[in-house]
Protein chains: 2
Amino acid sequence: MNVTEVERTLGAAEDSCRASGARLTDKRKNVLAVLLRSQKPLSAYDIVDQYSKDYGGPIPAMSVYRMLEFLAKENLAHKLNSENKYLACAHINCNHHHRTPQFLICGSCNKVIEIGIRPEMIEALRDAVKAAGFRLQSSQLELNCLCDNCAKESVTTADS
Amino acid sequence: MNVTEVERTLGAAEDSCRASGARLTDKRKNVLAVLLRSQKPLSAYDIVDQYSKDYGGPIPAMSVYRMLEFLAKENLAHKLNSENKYLACAHINCNHHHRTPQFLICGSCNKVIEIGIRPEMIEALRDAVKAAGFRLQSSQLELNCLCDNCAKESVTTADS
DNA sequence: GCCCTAAATGATATGGTGTATCATAATTAT
DNA sequence: ATAATTATGATACACCATATCATTTAGGGC
Ligand SMILES: [Zn+2]
Ligand SMILES: [Zn+2]
Ligand SMILES: [Zn+2]
Ligand SMILES: [Zn+2]
């Protein structure tokens, strides 16, 4: 995400927090900015490193964890539980209500996109779970994938 | 799983390994037995602890990780990536070919069951992923759930 | 059985992830 | 201003996982 887009998205994040009565402090905003500028999900310690580069001073890992917790609660960032990494929400600039996201994770280049699978499919999943004697609590999915780019690469490589 | 079932399952695991030319050594078998006797998924270090209790001597964590890797490759155990825990495959005694499993994880009591979601649903998921510019690599799902037991409990608790 | 090789296991060190706890600073409410 | 609440910092520690090199064990040809 380029500088202009980051600025605009941070503005939208401020609006969103103002609306919900949450306090988007400078440091929380900086952590979000680090995520927005990153092409890939970052671990908490990745963020610590990048933060000190971007903002000229260290930040305690403990604080980063708390800020990520805050950002996640506000749906400004999400945690990939299967990867122990974090990424900015793709819908900060959108007005629609935020629904539970699904993530497609490229196992080769680590690119991740946030999608919304059709509600009927999620309901079908919920039914399948119910039939097995469980209740689905979260429809956040993290799917091991290849992005089309890497899929093409791997074919090329296999051919050579 | 009771002692008799464990014995029978270990026998099936031996058969399976013989068939595939893999070596199910005593220690690998013991690690599998620890998983079979557990009602819940275990971390590698949980296994280290339980192993030394069950077999009267310590085992290096490093070895446990390698044995789990072996068991996973042979489809005798699976790793829950979202939990960093391991569990025995539920189908060791079955003759059918092992398909990629889906796991329902109770967030309250940690019970986990291994299910197989209908292939048509997996295909629908694959299509949705493809439409987003990715290719689904693994259909292993780990779903945050409540088991019916815990779901009932939490209702009761909420009422009180 | 003996020797060679490959596979499995052990020992040690180190890095990555996450939380608990208590102290301090900043914000908000009265 | 003062007090209460919230946010941040500092420190310690627990847990998860891998890298590397040494040692032991198992199989196969002789
Ligand atoms: Zn989102
Ligand atoms: Zn890719
Ligand atoms: Zn299985
Ligand atoms: Zn339960």
Side-chain angles (χ1 to χ4, degrees), chain A residues 13-14 17-18 20-35 38 40-52 55-74 76-87 105 107 110 142, chain B residues 13-14 17-18 20-35 38 40-52 55-74 76-87 105 107 110 142:
Chain A
E14 280 181 338
C17 284
R18 200 165 10 246
S20 76
R23 282 160 57 184
L24 186 61
T25 64
D26 285 352
K27 293 189 176 167
R28 286 168 172 174
K29 193 158 60 169
N30 292 346
V31 167
L32 178 56
V34 167
L35 289 176
S38 170
K40 319 215 167 302
L42 300 177
S43 76
Y45 285 86
D46 290 340
I47 294 170
V48 168
D49 294 344
Q50 192 59 45
Y51 191 105
S52 74
Y55 298 101
I59 187 169
M62 187 69 255
S63 295
V64 169
Y65 276 105
R66 283 187 292 228
M67 289 161 194
L68 289 168
E69 188 182 16
F70 168 86
L71 294 171
K73 201 172 55 187
E74 295 297 318
L76 298 172
H78 302 296
K79 175 173 187 180
L80 297 177
N81 295 309
S82 57
E83 311 256 302
N84 299 317
K85 292 200 162 63
Y86 305 81
L87 76 172
I105 305 169
N110 299 118
E142 302 174 16
Chain B
E14 282 181 337
C17 283
R18 205 169 3 252
S20 75
R23 282 162 55 186
L24 186 62
T25 64
D26 285 352
K27 294 189 174 165
R28 285 168 173 174
K29 193 158 59 169
N30 292 346
V31 167
L32 178 56
V34 167
L35 289 176
S38 170
K40 318 215 167 300
L42 299 177
S43 77
Y45 284 85
D46 290 340
I47 294 171
V48 168
D49 294 343
Q50 193 59 44
Y51 190 105
S52 73
Y55 298 102
I59 186 168
M62 188 69 255
S63 295
V64 170
Y65 276 104
R66 282 186 293 226
M67 289 162 194
L68 289 168
E69 186 182 18
F70 169 86
L71 294 171
K73 202 172 56 189
E74 296 297 319
L76 298 172
H78 302 297
K79 174 173 187 180
L80 297 177
N81 295 309
S82 56
E83 311 257 302
N84 298 318
K85 291 201 163 60
Y86 304 81
L87 76 172
I105 304 170
N110 297 121
E142 302 173 17

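Chain letters run A, B, ... following the sequence lines, proteins first, then strands; residues in each count from 1. No experiment lies behind these values; they were computed from the predicted model shown. Any value given below was found using the heavy atoms of this structure, including those in side chains, with hydrogens, waters and symmetry copies removed.
- Here dC16(D) presents its C1' atom at 14 Å from CG of L80(B), a figure rounded to the nearest Å.
- Heavy atoms from other residues, nucleotides or ligands lying under 6.0 Å from NZ of K73(B) number 12 at most.
- Atom OH of residue Y45(B) and atom NZ of residue K85(B) lie 13.5 Å apart, to the nearest 0.5 angstrom.
- Here the shortest heavy-atom pairing between L76(B) and A13(B) reads CD2-CB, 3.9 Å.
- Remark: P of dA7(D) and CG of L68(A) are 15 Å apart, rounded to the nearest angstrom.
- Distance E69(B) CD to dA19(D) P: 10 Å, rounded to the nearest Å.
- The NZ-P distance, from K29(B) to dA8(C), rounds to 16 Å in whole Å.
- For N84(A), a side-chain nitrogen or oxygen approaches OP1 or OP2 of dG18(C) to under 4.0 Å.
- Residues E142(A) and S82(B) have side chains that never bring a donor and an acceptor to within less than 3.5 angstrom of each other.
- A donor-acceptor pair is defined here as one N or O able to donate and one able to accept, closer than 3.5 Å; such a pair exists between the side chain of R28(A) and the backbone of R23(A).
- The nearest whole Å value for the distance from the OH atom in Y65(B) to the C1' atom in dA11(C) is 16 Å.
- Between the P atom of dT6(D) and the CD atom of E74(A) lies a distance of 14 Å, rounded to the nearest Å.
- Straight-line distance from the CG atom of N81(B) to the C1' atom of dA17(D): 13 Å, rounded to whole Å.
- Remark on the helix from dG1(C)-dC30(D) to dT30(C)-dA1(D): inter-end axis angle 30°, axes from five-pair C1' superpositions, rounded to 10°.
- If you check every strand for non-hydrogen atoms under 4.0 Å, K79(B) touches sugar and phosphate atoms only.
- Salt bridge status for E14(A) with K29(A): present, with a side-chain N to carboxylate O gap under 4.0 Å.
- Between N30(B) and T25(B) there is no side-chain heavy-atom pair separated by less than 4.5 Å.
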Report summary line: For nucleotides 8-15 of chain D, 5' to 3', base contacts (B), sugar-phosphate-only contacts (S) and non-contacts (-) with protein non-hydrogen atoms under 4.0 Å give BBB-----

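- We find that CG of L42(A) is positioned 15 Å from C1' of dT17(C), with the value rounded to whole Å.
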Requested in this report: Applying side chain to side chain contact (heavy atoms under 4.5 Å, CB included), run through F70(A) and Y65(A) and close with a yes or a no.
Outcome: CA-CA 9 Å; F70(A) 168 86; Y65(A) 276 105; over 6 Å; no

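- Between the side chains of Q50(B) and S38(B), not a single donor N or O lies within less than 3.5 Å of an accepting N or O.
- Taking 4.0 angstrom as the limit, Y86(B) places a side-chain polar atom (N or O) nearer than this to OP1 or OP2 of dA17(D).
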